[in-house]
Amino acid sequence: MRFRHPFLYSCFASCMLLWGHSAFALEKVALQLKWSNSYQFAGYYAAKELGYYQDVGLDVQIKPLQVGMNVAQEVSSGRANFGTGSSGLLQARQDGLPVVALAAIFQHSPYVLIAKKYKEDQSIQDLSGKPILLRRLADELIVYLKREKIDLKEVIASSPEMNTLEQLRSGKVSAISGYVSNEPYELSLVGFPYVIYSPRTAGIDVYGDNLFTSEAEIRKHPERVALFRQASIRGWEYVVGNPEEAAEIVRKYAPEFSDKKAAFEVPRINALVRSDLVPVGYMNEERWKNTVQIYQEAGALRADFDLTGFIYDTNLKDDLKWAYRGLLICMVIMLVALAFLYYNMQINKRLKLSLDQLNHLSQHDPLTGLPNRILFSDRLQRAILKARRDRQMLALLFIDVDHFKAINDSYGHQEGDELLQSFAKRMVACIRDSDSFARIGGDEFVVLLEDLPNASGALEVAKKIQASVSAPVSANGSFITTTASIGIALYPEDAHTDEELMKCADLAMYEAKQAGRNKIYFYSMAITQKMKKL
């Protein structure tokens, strides 16, 4: 159940307080964390400190993990009402613990492999035959290693009290499993060179920290489960929108959470939540089915594992009887509650129908339909990881339409938009289906060319694009003619990261413009030209 309208949420909370004397006594519930107090649980701290739990009648005790404790057993036994866990909750379900996933707080798993960096072109293949230390519930990493054809004979299981970072630093192992927001920070503090390998590069993308409860809790207290879930999600929404304030709240629970650690950890955690693409806590049944297949591939789940009952049903259905008692107290509140139900049903219906469309709009340019900067950046990062692993060359072309401002001023913005749309179609025809093309600014486009045998391949594509742009375009009865300046940067010759590669291509394009426009400059040429000017 989701309260998306502030007014309706306030009315609903007021309704809770009018149900009689028992409503004034907050219900005590416990949330069992899967680790010690840290920023990865910031949303729950925020919900408690900002009164979101209290607003729905709950007094929540947040319990950090103790040595030897099993979170799923704590919740299933009733010693805790709610818990946080990885996608390994599926294994607990198979083992007979009636756990139910309420919300996926992290849309991507934080688990990664961390290895010592000893060369620039290092890839996961370099771990073959070397000792790798993995913690419990790291089955997605097992599948990752399998898919990368890494020998699993050297994989070692760590014990709860083992210092995995020390094992890596001392050279006893070549790689360890870890949280993308934790171990890398600790290594950076001591200046230890490291490289991160993510299972997502091999198509292994599972949910991360999940809020869960037990079947008994849902059966006995359906309204409490719904309200706790909603207040928790509200806390995470606050954390994503207010990172600095959230960091201060976390320090009440984890005093060692320094400004330096916050600067490192906060953006990495928020990137896992991905509230820019989907609502916080969103879960998709198909992704859970895919996760089941991944765990089966790791040998952690039986082939006949049944997902039924594991995913929480947010439609309250008959469990709204508790609300009807409150509605009898006040007719006005009844009307508000009914309006809320209708509103919520419509929002959920629209969400299911338009989620794919919203995802598309968030990642594509509305004028040309091309990928935007966000989607292109993700593709570029993946391409660099693949090129590094396969030791291949890729090229980034930065394209700028010459004199576009003058065209807008002379012919009008509508004609300028038609010109960009026409150029986009022409340039798409110049590249392969496997290449990536995006619009990242007003008159700026970028092209990613993968699997290149040499730099001449990038030059040939650039010439095709330059020729396609130079052909006249008919816009509103007028023929408009212009050219394009193109900068080319190569991986790994010019740069090793997506940001550096983009800067190199941009600089090359700028020098091409400075040289008179309608030119193609490689980054190496641009640097030479710039040095001559100096």
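The residues of the chain are indexed from 1 along the displayed sequence. This one's a predicted model, so the numbers in the text were calculated from it and none came from an experiment.
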Would you say Lys130 has more than 12 foreign heavy atoms packed within less than 6.0 Å of its NZ?
-> yes
Should we count CD of Glu244 as having more than 12 external heavy atoms under 6.0 Å?
-> no
Taking 4.0 angstrom as the limit, do Arg224 and Glu217 come out as a salt bridge?
-> yes
Stepwise side chain to side chain contact (heavy atoms under 4.5 Å, CB included) check, Glu286 with Lys289 = CA-CA 5 Å; Glu286 289 304 314; Lys289 289 179 179 178; 3.6 Å; yes
If the plane angle is over 60° it's perpendicular, under 30° parallel, otherwise tilted; pick one for Tyr39 and Phe257.
-> parallel
Asp276 and Arg274 ion-paired at < 4.0 Å = yes
Does any donor atom in the side chain of Ser109 or Glu140 lie under 3.5 Å from an acceptor atom in the other side chain?
-> yes
Nearest heavy atoms of Pro267 and Ala262, plus distance in Å = CD-O, 3.8 Å
Please check if the distance between the ring centroids of Tyr53 and Phe228 is under 6.0 Å.
-> yes
Can you find a heavy atom in the side chain of Pro371 that is under 4.5 Å from one in the side chain of Arg379?
-> yes
Ion pair check, Arg93 and Asp306, cut-off under 4.0 Å = no
Do the side chain of Asn210 and the main chain of Gly208 share a donor and acceptor less than 3.5 angstrom apart?
-> yes
Any sub-3.5 Å donor-acceptor pair from Ser76's side-chain atoms to Gln73's backbone N or O?
-> no
Taking atom CD1 of Ile431 as the centre, report whether more than 12 heavy atoms of other residues, nucleotides or ligands fall under 6.0 Å from it.
-> yes
Between Tyr343 and Leu341, is a side chain to side chain contact (heavy atoms under 4.5 Å, CB included) present by the stated rule, with each step listed?
-> CA-CA 5 Å; Tyr343 177 81; Leu341 289 174; over 6 Å; no
Do side-chain atoms of Arg229 reach the backbone of Leu102 as a donor and acceptor pair under 3.5 angstrom?
-> yes
Of all heavy-atom pairs between Leu394 and Leu448, which one has the smallest distance, and what is that distance?
-> CD1-CD1, 3.8 Å
Would you call Leu307 and Val292 a side-chain contact if the rule is heavy atoms closer than 4.5 Å?
-> yes
Got a sec, which residues hit salt bridge (Lys or Arg N to Asp or Glu O under 4.0 Å) with Lys117, two or more places apart in sequence or on another chain?
-> Glu120
Would you say the side-chain atoms of Gln125 and Glu148 include a donor-acceptor pair closer than 3.5 Å?
-> yes
Validation row: Val446, Phe437 side chains within 4.5 angstrom (heavy atoms) = no
Check: Ser174 side chain, Ile132 main-chain N or O, donor-acceptor pair, under 3.5 Å | no
Identify the heavy atoms of Ile176 and Thr164 that sit nearest to each other, and give their distance.
-> CG2-O, 3.6 Å
Side-chain heavy-atom pair Thr314, Gln230 within 4.5 angstrom cut-off = no
Name all residues meeting the ring pair (Phe, Tyr, Trp, His ring centres under 6.0 Å) criterion together with Tyr179; count only those two or more places apart in sequence or in a different chain, and write none if there are none.
-> Tyr111
Donor on one side chain, acceptor on other, Thr84 and Tyr44, under 3.5 Å | no
Could you tell me whether Asp498 and Lys503 make a salt bridge, using a distance below 4.0 angstrom between a side-chain N and a carboxylate O?
-> no
Do the side chain of Gln107 and the main chain of Met283 share a donor and acceptor less than 3.5 angstrom apart?
-> no
Is the side chain of Ser77 donor-acceptor paired with the backbone N or O of Glu74 at a distance under 3.5 Å, no angle test?
-> yes
Would you please test Val240 and Tyr238 for side chain to side chain contact (heavy atoms under 4.5 Å, CB included) and show each step?
-> CA-CA 6 Å; Val240 173; Tyr238 176 86; over 6 Å; no
Qualifying side chain to side chain donor-acceptor pair (under 3.5 Å) pairs, either residue in residues 364-373, two or more places apart = Asp365-Thr368, Asp365-Arg439
Can you tell me if Asp126 uses its side chain to pair, donor with acceptor, with the backbone of Ser123 under 3.5 Å?
-> yes
Between Glu297 and Arg147, is the closest basic N to carboxylate O distance under 4.0 Å?
-> yes
How many angstroms lie between CG in Leu152 and CD1 in Ile150, if you round to the nearest 0.5 Å?
-> 9.0 Å
Steps toward side chain to side chain donor-acceptor pair (under 3.5 Å) verdict (Tyr207, Ser86) = CA-CA 7 Å; Tyr207 290 126; Ser86 68; over 6 Å; no
Do Glu237 and Arg234 meet the salt-bridge criterion of a basic N to acidic O distance under 4.0 Å?
-> no
Can any side-chain N or O of Asp151 pair as donor or acceptor with the backbone N or O of Lys153 at less than 3.5 Å?
-> yes
State, with a plain yes or no, whether a side-chain heavy atom of Val75 is found less than 4.5 Å away from one of Phe82.
-> no
CG on Leu133 to CE on Met162, rounded to 0.5 Å = 5.5 Å
Contacts of type side-chain contact (heavy atoms from CB on, under 4.5 Å), residue Met345, not counting sequence neighbours | none
Does atom NZ of Lys149 have more than 12 heavy-atom neighbours, drawn from other residues, nucleotides or ligands, at distances under 6.0 Å?
-> no
Taking the side chain as every heavy atom from C-beta outward, state whether Asp451 and Lys386 have any atom pair closer than 4.5 Å.
-> yes
Using the six-membered ring wherever Trp is involved, compare the ring planes of Phe41 and Tyr45 and label them parallel, tilted or perpendicular (cut-offs 30° and 60°).
-> perpendicular
Short N-O contact, Arg388 and Asp121, less than 4.0 angstrom = no
Would you call Tyr144 and Ile124 a side-chain contact if the rule is heavy atoms closer than 4.5 Å?
-> yes
Does Glu215 CD have over 12 foreign heavy atoms under 6.0 Å away?
-> yes
Residues at least two apart in sequence or cross-chain that pass salt bridge (Lys or Arg N to Asp or Glu O under 4.0 Å) with Arg287, listed by chain then number, are Asp205
Between Ile311 and Trp288, is any pair of side-chain heavy atoms under 4.5 Å apart?
-> yes
Hey, does the side chain of Gln167 reach the backbone of Asn163 with a donor-acceptor pair shorter than 3.5 angstrom?
-> no
Within 45° cone of Phe264 ring axis and under 6.0 Å: Arg268 NZ or CZ = yes
Audit row: Glu49, Tyr253, side chain to side chain donor-acceptor pair (under 3.5 Å) steps and yes/no | CA-CA 11 Å; Glu49 296 299 322; Tyr253 295 81; 2.7 Å; yes
Kindly indicate, with the supporting measurements, whether the criterion side chain to side chain contact (heavy atoms under 4.5 Å, CB included) is fulfilled by Phe445 and Leu370.
-> CA-CA 10 Å; Phe445 299 85; Leu370 294 173; 3.9 Å; yes
The single option from Ile204, Val143, Leu113 passing side chain to side chain contact (heavy atoms under 4.5 Å, CB included) against Pro199 | Ile204
Run the side-chain donor-acceptor check on residues 56-66: report pairs under 3.5 Å with partners two or more places apart or on a different chain.
unit_1: Asp59; atom_1: OD2; unit_2: Lys28; atom_2: NZ; d: 2.9

Please determine if Glu166 and Arg169 form a salt bridge, counting it only when a charged side-chain N lies under 4.0 Å from a carboxylate O.
-> yes
